[in-house]
Amino acid sequence: MTSTELDDFPALTQRYQRELLAHCYRMSGSVQEAEDLVQETFLRAWKAADRFEGRSSVRTWLYRIATNVCLTNLEGRPRRPLPAGIGTPEAMAGDALEADHEIAWLEPVPDAAVVVAERDSIRLAFVAALQHLPAKQRAVLILRDVLRWSAAEVAEALDTTTAAVNSALQRAHAQMAERGLTEDSVEPELSPAQRQLLDRYVDAFWRKDVDTIVSLLTAEATWDMPPFTSWFKGATNIGWLIGTECPGGAHDMPMLETRANGQPAYGLYMRTPAGDFVPFQLQVLELDGERVKHVTAFFDHALFATFGLPERLPADHAPSPR
């Protein structure tokens with residue numbers, strides 16, 4: 001069985017591509033980097049296939065290679081944050097927006113690219129929290145808590161001791177607890193009421209009905225939007241942001257639905273002077289019951305291609321009711 005897997009490398013690649021991409025994404029916080037890391041993993045595995053001894057499954061062996069590829073890649077690199085995680089205070093209505101294009105920001109990952117059975121461990125907030133951990137602690141937490149490896153298996157993969165693994169896991173848990181996050185802090189599938197909420201949210205942006213948008217947010221909702229360092233807390237502040245700083249008017253901002261990090265997401269387009277629509281921001285939403293609790297709006301237009309969204313919409317495009 002093992003030799004058959006390694007002999008058919010194209011099938012091996014297809015079998016493990018998506019779950020290894022999720023693993024490398026958790027480690028790196030970047031879809032593009034994760035894709036490169038997965039390719040490097042398969043290249044190393046192909047070169048070392050004749051030395052595979054079968055002491056573990058091929059899957060475990062690939063994860064061991066991928067983890068060490070990630071650790072090497074992360075050496076000396078800064079973590080990938082979201083605006084609320086860089087230490088700046090929340091912005092208030094009327095504050096100037098400041099962008100920082102020098103920061104390597106955390107990126108969202110399309111559900112279609114990863115194994116969404118593990119969607120709890122790719123939630124945007126969870127991956128953002130992972131980025132606060134040193135790389136080795138990050139690896140230990142993922143291998144132990146997400147992949148459910150034993151401490152001994154992790155120690156062998158990372159060429160360290162079981163005691164060191166347990167110590168690193170304890171420190172990682174302490175840091176994650178400070179942020180109130182666990183790997184399984186995830187909502188179930190969307191309810192009919194939540195689907196209706198999202199439909200109203202899309203319609204309110206199309207009409208630029210700020211009052212309705214505000215009514216769909218929790219009172220303590222937060223909003224951040226890389227590469228802007230500003231982040232906003234409270235439905236009233238967010239309403240000011242959308243009503244004052246967002247350039248579109250009524251019927252200027254259609255949304256196309258997608259899925260990111262196991263969460264509802266939308267590509268928001270903006271009408272141009274020529275009348276058609278071009279990418280403006282990719283919104284990833286976190287829900288709390290039947291309200292929106294958090295929105296991260298990414299202004300990296302390259303993400304539209306990553307998510308398979310069109311590069312423009314025709315002038316006669318209008319959102320169709322579900």
Side-chain angles (χ1 to χ4, degrees), residues 1-31 33-75 109 111 113-123 126-127 129-131 133-173 176 182-184 186 261-262:
M1 176 65 180
T2 295
S3 60
T4 301
E5 271 198 292
L6 290 177
D7 286 345
D8 190 352
F9 223 82
L12 180 85
T13 301
Q14 185 174 18
R15 184 176 301 120
Y16 296 110
Q17 171 79 26
R18 293 173 73 226
E19 62 178 287
L20 287 175
L21 182 67
H23 181 59
C24 294
Y25 169 72
R26 293 185 200 101
M27 286 292 295
S28 68
S30 164
V31 179
E33 282 185 29
E35 290 174 345
D36 293 342
L37 293 167
V38 170
Q39 293 309 308
E40 176 64 20
T41 296
F42 283 127
L43 178 61
R44 291 193 189 185
W46 180 73
K47 290 180 177 179
D50 61 343
R51 300 194 298 277
F52 178 69
E53 299 175 354
R55 290 186 294 123
S56 66
S57 68
V58 170
R59 179 176 181 266
T60 298
W61 180 64
L62 288 172
Y63 269 100
R64 183 181 298 126
I65 295 172
T67 301
N68 284 286
V69 166
C70 289
L71 289 173
T72 299
N73 177 71
L74 290 169
E75 285 180 7
V109 64
D111 278 15
V114 296
V115 180
V116 292
E118 300 176 351
R119 67 192 177 94
D120 45 357
S121 64
I122 58 165
R123 302 285 283 191
F126 181 69
V127 177
L130 285 176
Q131 307 310 305
L133 301 176
K136 185 69 73 71
Q137 285 184 28
R138 200 181 307 172
V140 168
L141 182 76
I142 294 168
L143 294 174
R144 289 285 282 121
D145 287 3
V146 178
L147 298 178
R148 309 301 183 188
W149 286 19
S150 69
E153 289 174 316
V154 176
E156 182 181 359
L158 301 182
D159 192 24
T160 187
T161 65
T162 301
V165 167
N166 289 334
S167 176
L169 183 62
Q170 187 176 26
R171 294 195 302 273
H173 280 163
M176 296 293 276
T182 61
E183 170 260 330
D184 58 358
V186 63
N261 298 77

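Both backbone and side-chain heavy atoms feed into the values below; hydrogens, waters and symmetry mates do not.
Here the shortest heavy-atom pairing between Thr162 and Ala152 reads OG1-CA, 3.9 Å. Between Ala129 and Met176 the shortest heavy-atom distance is CB-SD, 3.7 Å. For the residue pair Ala66 and Cys24, the shortest heavy atom distance occurs at CB-SG, 4.2 Å. Here the closest non-hydrogen pair linking Leu37 and Ser28 is CD1-CB, 4.1 Å. Looking at every heavy atom in both residues, Ser121 comes nearest to Val146 through OG-CG1, 3.5 Å. Counting all heavy atoms, side chain and backbone alike, Ala113 lies closest to Leu21 at O-CD2, 3.3 Å.
Taken from CZ in Phe126 to CD in Gln131, the straight-line distance is 10.5 Å, to the nearest 0.5 Å. Expressed to the nearest 0.5 Å, how far OG1 of Thr72 lies from CD of Glu40 amounts to 9.0 Å. Atom CG of Asp111 and atom CZ of Arg18 lie 9.0 Å apart (nearest 0.5 Å). Note: Thr67 OG1 to Leu143 CG = 4.5 Å, rounded to the nearest 0.5 Å. Here the CD-CG distance, from Glu33 to Leu74, works out to 7.0 Å after rounding to the nearest 0.5 Å. Once rounded to the nearest 0.5 Å, the distance linking CG of Leu12 with CH2 of Trp46 reads 13.5 Å.
No more than 12 heavy atoms of other residues, nucleotides or ligands shown are found within 6.0 angstrom of CG on Asp159.
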Run the numbers on Asn261 and Tyr25 for side-chain contact (heavy atoms from CB on, under 4.5 Å), then give the verdict.
-> CA-CA 10 Å; Asn261 298 77; Tyr25 169 72; 2.9 Å; yes
Take Val38 and Glu35 through the side-chain contact (heavy atoms from CB on, under 4.5 Å) test and state the conclusion after the steps.
-> CA-CA 5 Å; Val38 170; Glu35 290 174 345; 5.9 Å; no
Evaluate side-chain contact (heavy atoms from CB on, under 4.5 Å) for Cys70 paired with Arg26, printing each intermediate quantity in order.
-> CA-CA 10 Å; Cys70 289; Arg26 293 185 200 101; over 6 Å; no
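Contact check on Arg59 versus Glu19 returns a salt bridge, with a Lys/Arg side-chain nitrogen under 4.0 Å from an Asp/Glu carboxylate oxygen.
Here the side chains of Met27 and Leu71 are in contact, with some heavy-atom distance below 4.5 Å. Counting heavy atoms from C-beta on, the side chains of Arg64 and Thr60 come closer than 4.5 Å. Glu153 has its side chain out of reach of Arg148: every pair of non-hydrogen atoms, C-beta onward, lies at least 4.5 Å apart.
Trp61 pairs by the ring-ring contact (aromatic ring centres under 6.0 Å, His included) definition with Phe52, not counting sequence neighbours. For Ser167, the side-chain hydrogen bond (donor to acceptor under 3.5 Å, both in side chains) partners at least two apart in sequence or on another chain are Arg171. By the side chain to side chain contact (heavy atoms under 4.5 Å, CB included) test, Leu169 pairs with Val140, Leu141, Arg144, Asp145, His173, sequence neighbours left out.
Side chains of Tyr63 and Asn68: a donor-acceptor N/O pair is absent below 3.5 angstrom, by distance only.
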